[in-house]
Each structure stands twice: as C-alpha cells, then as structure tokens.
Asker: 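This structure is in structure tokens; I'll ask about it shortly.
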Amino acid sequence: MSIASPIRGADSSDNNELDVRCLARDGYKVLIQRRTGGIDIVNGKRVPYVDKRFELTNRAIKDTDMIPGDYAFPINPDFLDIDVQVDRFLHFGPTDFDGRLIAIDYELYGPNPNATISPGALKQYLRELRKHIGQRHILMYAGKAFWEEPPHSGQLSDYGEHMHMWKPWYWTMDVREHPWRHYENALRHSGWWAHYAGVQPVCTQFCIGRAAGIPLDHNAWRLDMDGIHRLTRKPGD
C-alpha cells in the first residue's frame with residue numbers, strides 16, 4: 001500500500017450506530033474507536049467519560065479481520081486527575097493491548113475549552129500510561145494548526161519513543177457520499193501527508209464520509225498491513 005493506494009480505515013464513537021461487519025465487507029481494514037474521552041458527571045462528580053458503544057463495537061470487530069484500535073481524549077488535570085484518567089482507559093475494555101492500536105486524541109475540548117490538556121500535562125499523561133503498558137507504539141491524533149498554536153506542542157519525539165502522527169485535515173465538514181473518490185481527486189493538492197512536528201503522518205483523517213450506511217470519520221493509511229500490525233505490538237517483537 002502507499003499514499004496513492006492507502007489502506008482504508010475509519011474511527012467511531014457512541015455517536016455512530018455502526019454495522020461493523022458491513023464496514024469490513026466494504027474493504028475497511030482498521031477501526032479505531034473511542035474508549036474514554038472527556039468529562040462525564042456522575043452523582044454530581046466529574047469522572048472520565050466512557051464510550052457507551054465500546055463493548056458492543058469491540059465484540060463485533062472480533063468477527064472480522066479488521067485491526068482494532070482504542071483512543072483516549074485526555075483532559076486538563078485541574079478537571080480530572082491524570083492517574084484517574086489513565087486508570088479508566090486501562091480498565092474500561094481489554095487490558096491486553098497486543099493486537100490493538102493505541103491512540104491519543106489531542107485537540108480542543110469543545111464542551112469546555114478550559115479543560116483542554118496542555119502539552120506538559122499530555123506528556124505527564126503519556127508517562128503515566130507507559131508505566132502500565134511499557135514502551136508501545138502510540139498514535140497522536142493532532143491537527144497541524146492546533147499542534148503549532150500557543151502553547152506550541154514542539155516535536156512529536158518530545159512525547160516519548162515510538163510516537164506516530166495521525167493527522168486530521170478536512171476541506172469541509174459536509175458528508176462525502178463517495179469518500180474514496182474524494183481522496184483520489186484531492187490527493188495531489190490536499191496537504192494531507194505534509195510533514196509537521198518533525199514527522200510525516202502514518203495516517204490521515206481526510207473527511208466525514210458515508211460508509212456502512214452512516215457518516216463516519218475516514219482514515220487513509222500509507223502503511224501496508226504488516227506495517228499497521230507492527231504498531232499493535234511492542235517495538236522489537
């Protein structure tokens with residue numbers, strides 16, 4: 001596979017009532033789903049939000065040949081302690097991450113911008129996570145503009161070893177009825193694969209497109225399947 005002919009992927013959350021088997025039949029090879037993200041209020045107390053469809057989607061992935069992935073949306077520790085957030089991510093779902101992609105959603109927290117995590121706090125989150133999972137490959141979902149605006153996020157390597165960029169870059173928020181045709185038509189002048197943070201993205205989220213009958217975030221992978229599988233294992237395995 002290559003930039004010109006990428007592996008098809010998508011990501012979902014409990015906003016998407018997704019037919020996973022249909023997605024797999026349509027040729028999608030990677031599905032990353034939200035595991036934990038943001039803030040929930042339970043009995044008047046802030047707690048990490050957990051995705052309500054995670055378990056259902058995760059069971060369905062097992063009946064396909066798709067590579068599963070899980071992402072976390074860390075929050076400013078003034079709103080939720082880092083160790084509480086990490087613990088919820090680790091224990092809400094499979095505790096063995098072999099065979100799974102791990103991703104961090106690093107962007108503005110829309111419901112409360114003040115709760116957006118800072119670069120320093122995100123490094124703290126990743127250090128705490130690695131205490132439990134060891135040195136694993138981690139995808140960083142972060143747009144170029146957000147990454148570079150104050151406070152500047154630096155280089156991706158500043159966040160530890162084995163980090164890989166997952167780049168979101170949309171032309172429009174309108175749903176594309178033919179997402180892969182859109183990818184082919186716009187590739188030459190899209191900027192989807194441009195370097196930033198010292199790296200070239202391994203994956204780009206390029207549109208909201210219709211798949212399996214619903215709108216989904218679409219991801220193109222420039223790695224081949226062996227390369228993506230390597231990201232689900234410990235470095236050196």
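Computation of the quantities below employed the complete heavy-atom set of this structure, encompassing side-chain atoms and omitting hydrogens, waters and symmetry-equivalent molecules.
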Asker: When the ring centroid of His218 is compared with that of Tyr28, is the distance short of 6.0 Å?
Answerer: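 Distance test on ring centres: under 6.0 Å, yes.
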Asker: Could you tell me whether Glu17 atom CD has more than 12 heavy atoms of other residues or ligands within 6.0 Å of it?
Answerer: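 Open: at most 12 neighbouring heavy atoms sit under 6.0 Å from CD of Glu17.
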Asker: Among Trp221, Trp180, Trp169, which one satisfies ring-ring contact (aromatic ring centres under 6.0 Å, His included) with Phe206?
Answerer: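 The residue from Trp221, Trp180, Trp169 that satisfies ring-ring contact (aromatic ring centres under 6.0 Å, His included) with Phe206 turns out to be Trp180.
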Asker: How long is the straight-line distance from NE2 of His137 back to OG1 of Thr232, given to the nearest 0.5 Å?
Answerer: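 So the OG1 of Thr232 and the NE2 of His137 are separated by 8.5 Å.
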Asker: State the CD1-CG distance between Ile117 and Asp78, to the nearest 0.5 angstrom.
Answerer: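 Between Ile117 CD1 and Asp78 CG, I get 10.5 Å after rounding to 0.5 Å.
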Asker: Examine Leu80 and Ile41 and state if one hydrophobic cluster contains both, with Ile, Leu, Val, Met, Phe, Trp and Tyr joined whenever side-chain heavy atoms are less than 4.5 Å apart.
Answerer: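 Shared cluster, yes.
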Asker: Salt bridge check: are Asp98 and Arg136 linked by an N-O gap of less than 4.0 Å?
Answerer: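 Judged by the 4.0 Å cut-off on N to carboxylate O distance, Asp98 and Arg136 do form a salt bridge.
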Asker: Does any N or O in the side chain of Ser13 come within less than 3.5 Å of the main-chain N or O of Asn15, such that one atom is a donor and the other an acceptor?
Answerer: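 It does hold such a pair.
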Asker: Between the side chain of Arg53 and the main-chain N/O of Asn16, is any donor-acceptor distance below 3.5 Å?
Answerer: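 Yes, because the side chain of Arg53 sits within donor-acceptor range (under 3.5 Å) of the backbone of Asn16.
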Asker: Where does the angle between the aromatic ring planes of Tyr106 and Tyr159 fall among parallel (under 30°), tilted (30 to 60°) and perpendicular (over 60°)?
Answerer: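 Tilted: the ring planes of Tyr106 and Tyr159 meet at 30° to 60°.
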Asker: Find out whether Cys203 and Leu139 are in side-chain contact, i.e. whether some heavy atom of one side chain is under 4.5 Å from a heavy atom of the other.
Answerer: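 The answer is no; the side chains never approach within 4.5 Å.
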Asker: Any non-hydrogen side-chain atom of Ile214 less than 4.5 Å from a side-chain atom of Leu18?
Answerer: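 Yes - at least one pair of side-chain heavy atoms lies under 4.5 Å apart.
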Asker: If you link ILVMFWY side chains whenever their heavy atoms are less than 4.5 Å apart, which other residues fall into the same cluster as Val175? By chain and number, please.
Answerer: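 Its cluster partners, ordered by chain and number, are Tyr170, Met173, Ile208.
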Asker: Taking all heavy atoms of Met140 and all of Met163, pick out the closest pair and write down the distance.
Answerer: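 That would be CE-CE, 3.7 Å.
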Asker: Spell out, as yes or no, whether a donor-acceptor pair under 3.5 Å connects the side chain of Asp87 to the backbone of Val84.
Answerer: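 Pair absent, no side-chain N/O of Asp87 close to backbone of Val84.
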Asker: Starting at NE2 of His132, measure out to NE2 of His91 and round the result to the nearest 0.5 Å.
Answerer: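 Going from NE2 on His132 over to NE2 on His91, the span is 8.0 Å.
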Asker: Do Asp11 and Asn219 have side-chain atoms, one donor and one acceptor, less than 3.5 Å apart?
Answerer: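 Present: a donor and an acceptor within the cut-off.
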Asker: Calculate, to the nearest 0.5 Å, the distance between atoms CZ and NE2 belonging to Arg230 and His162 respectively.
Answerer: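 One finds 13.5 Å between CZ of Arg230 and NE2 of His162.
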Asker: Taking side chain as C-beta onward, heavy atoms only, is Glu107 less than 4.5 Å from Phe73?
Answerer: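 They are in side-chain contact.
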Asker: Consider only side-chain heavy atoms of I, L, V, M, F, W and Y, link residues closer than 4.5 Å, and tell whether Phe89 and Leu126 are in one cluster.
Answerer: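 Yes, same cluster.
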Asker: Can we say Lys52 and Asp14 salt-bridge, meaning some charged N sits less than 4.0 Å from an Asp/Glu carboxylate O?
Answerer: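 Judged by the 4.0 Å cut-off on N to carboxylate O distance, Lys52 and Asp14 do not form a salt bridge.
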Asker: For atom CZ of Arg181, decide whether the heavy atoms of other residues, nucleotides or ligands shown that lie under 6.0 angstrom number more than 12.
Answerer: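 12 or below, so no.
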Asker: Provide the closest heavy-atom pair for Ala212 versus Cys22 in the form atom of the first, atom of the second, distance.
Answerer: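 So the two residues come closest at CA-SG, 3.7 Å.
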Asker: Applying side-chain hydrogen bond (donor to acceptor under 3.5 Å, both in side chains), can you list everything that pairs with Tyr196, at least two apart in sequence or on another chain?
Answerer: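 Result, side-chain hydrogen bond (donor to acceptor under 3.5 Å, both in side chains) vs Tyr196: none returned.
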Asker: Supply the atom-to-atom distance Ile82 CD1 to Gln124 CD, rounded to the nearest 0.5 angstrom.
Answerer: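 Here the interatomic distance stands at 5.0 Å.
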Asker: Hey, does Trp166 have a side-chain heavy atom less than 4.5 Å from the side chain of Ile104?
Answerer: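 A side-chain contact under 4.5 Å is absent here.
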Asker: Enter the distance from Ser12:OG to Phe54:CZ here, rounded to the nearest 0.5 Å.
Answerer: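 Going from the OG atom of Ser12 to the CZ atom of Phe54 covers 9.5 Å.
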Asker: If you compare all heavy atoms of Met66 against all heavy atoms of Val20, which two are closest, and at what distance to 0.1 Å?
Answerer: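 Closest approach of Met66 to Val20, heavy atoms only: CE-CG1, 3.5 Å.
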Asker: Please report the shortest heavy-atom distance between Gly99 and Pro68, naming the atom on each side.
Answerer: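 Closest approach of Gly99 to Pro68, heavy atoms only: O-CD, 3.5 Å.
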Asker: Is the shortest side-chain heavy-atom distance between Ile3 and Gln200 below 4.5 Å?
Answerer: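 Touching, per the 4.5 Å side-chain cut-off.
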Asker: If I compare all heavy atoms of Lys234 with all of Ile133, which pair ends up nearest, and what's the gap?
Answerer: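 Answer, listing the atom of Lys234 first, then Ile133: CE-O, 4.3 Å.
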Asker: For Asn114, is there any backbone N or O sitting under 3.5 Å from a side-chain donor or acceptor partner on Asn76?
Answerer: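 Answer holds: yes.
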Asker: Look at the side chain of Gln205 and the backbone N and O of Asp217, then say whether any donor-acceptor pair between them is shorter than 3.5 Å.
Answerer: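 Between the backbone of Asp217 and the side chain of Gln205 there is no qualifying donor-acceptor contact (under 3.5 Å).
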Asker: Between Arg35 and Asp51, is the closest basic N to carboxylate O distance under 4.0 Å?
Answerer: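 No, no charged N to carboxylate O under 4.0 Å.
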Asker: Which pair of heavy atoms, one from Trp193 and one from Tyr183, lies closest together, and at what distance?
Answerer: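 Closest approach of Trp193 to Tyr183: NE1-OH, 3.0 Å.
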Asker: Hey, does the side chain of Arg222 reach the backbone of Pro201 with a donor-acceptor pair shorter than 3.5 angstrom?
Answerer: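 Flag set: sc Arg222 to bb Pro201 pair under 3.5 Å.
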Asker: Do Leu129 and Met165 share a hydrophobic cluster (ILVMFWY, side-chain heavy atoms under 4.5 Å, transitive)?
Answerer: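 Yes; tracing contacts between hydrophobic side chains, which count when under 4.5 Å, links both residues.
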Asker: Verify the cluster assignment for Val199 and Val202: are they in a single hydrophobic cluster under the rule of side-chain heavy atoms below 4.5 Å apart?
Answerer: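 In one cluster: no.
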Asker: Is the closest side-chain heavy-atom distance between Arg100 and Asn58 below 4.5 Å?
Answerer: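 Side-chain contact under 4.5 Å: yes.
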Asker: Considering only Ile, Leu, Val, Met, Phe, Trp and Tyr, and joining two whenever side-chain heavy atoms are under 4.5 Å apart, list the other residues clustered with Val42.
Answerer: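 Val47, which link up through side-chain heavy atoms under 4.5 Å apart, make up the rest of the cluster.
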Asker: Going by the side chain to side chain contact (heavy atoms under 4.5 Å, CB included) test, name the single residue among Ile102, Ile138, Leu101 that passes it with Leu231.
Answerer: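 That would be Leu101; it is the only one of Ile102, Ile138, Leu101 passing the side chain to side chain contact (heavy atoms under 4.5 Å, CB included) with Leu231.
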Asker: Would a hydrophobic clustering, with Ile, Leu, Val, Met, Phe, Trp and Tyr connected at side-chain separations under 4.5 Å, put Val30 with Tyr71?
Answerer: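 Linked, Val30 and Tyr71 end up in one cluster.
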Asker: Check the pair His182 / Trp192 against ring pair (Phe, Tyr, Trp, His ring centres under 6.0 Å), numbers first and verdict last.
Answerer: CA-CA 12 Å; His182 166 63; Trp192 285 322; 5.7 Å; yes
Asker: Taking C-beta and beyond as the side chain, do Gln85 and Thr36 meet within less than 4.5 Å on heavy atoms?
Answerer: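 In short, these two side chains do not touch, never coming nearer than 4.5 Å.
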Asker: If you take the centroid of each ring, where Trp contributes its six-membered ring, are Tyr141 and Trp147 closer together than 6.0 Å?
Answerer: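 No.
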Asker: Is it the case that the side chain of Thr64 and the backbone of Ile61 share a donor-acceptor pair, with hydrogens and angles ignored and the cut-off at 3.5 Å?
Answerer: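 Looks like yes, one N/O pair under 3.5 Å.
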Asker: Atom CD of residue position Glu55 - does it have more than 12 heavy atoms of other residues, nucleotides or ligands inside 6.0 Å?
Answerer: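 Count not over threshold, so no.
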Asker: Is Glu128 salt-bridged to Lys131, going by a charged N under 4.0 Å from an acidic O?
Answerer: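 Salt bridge: yes.
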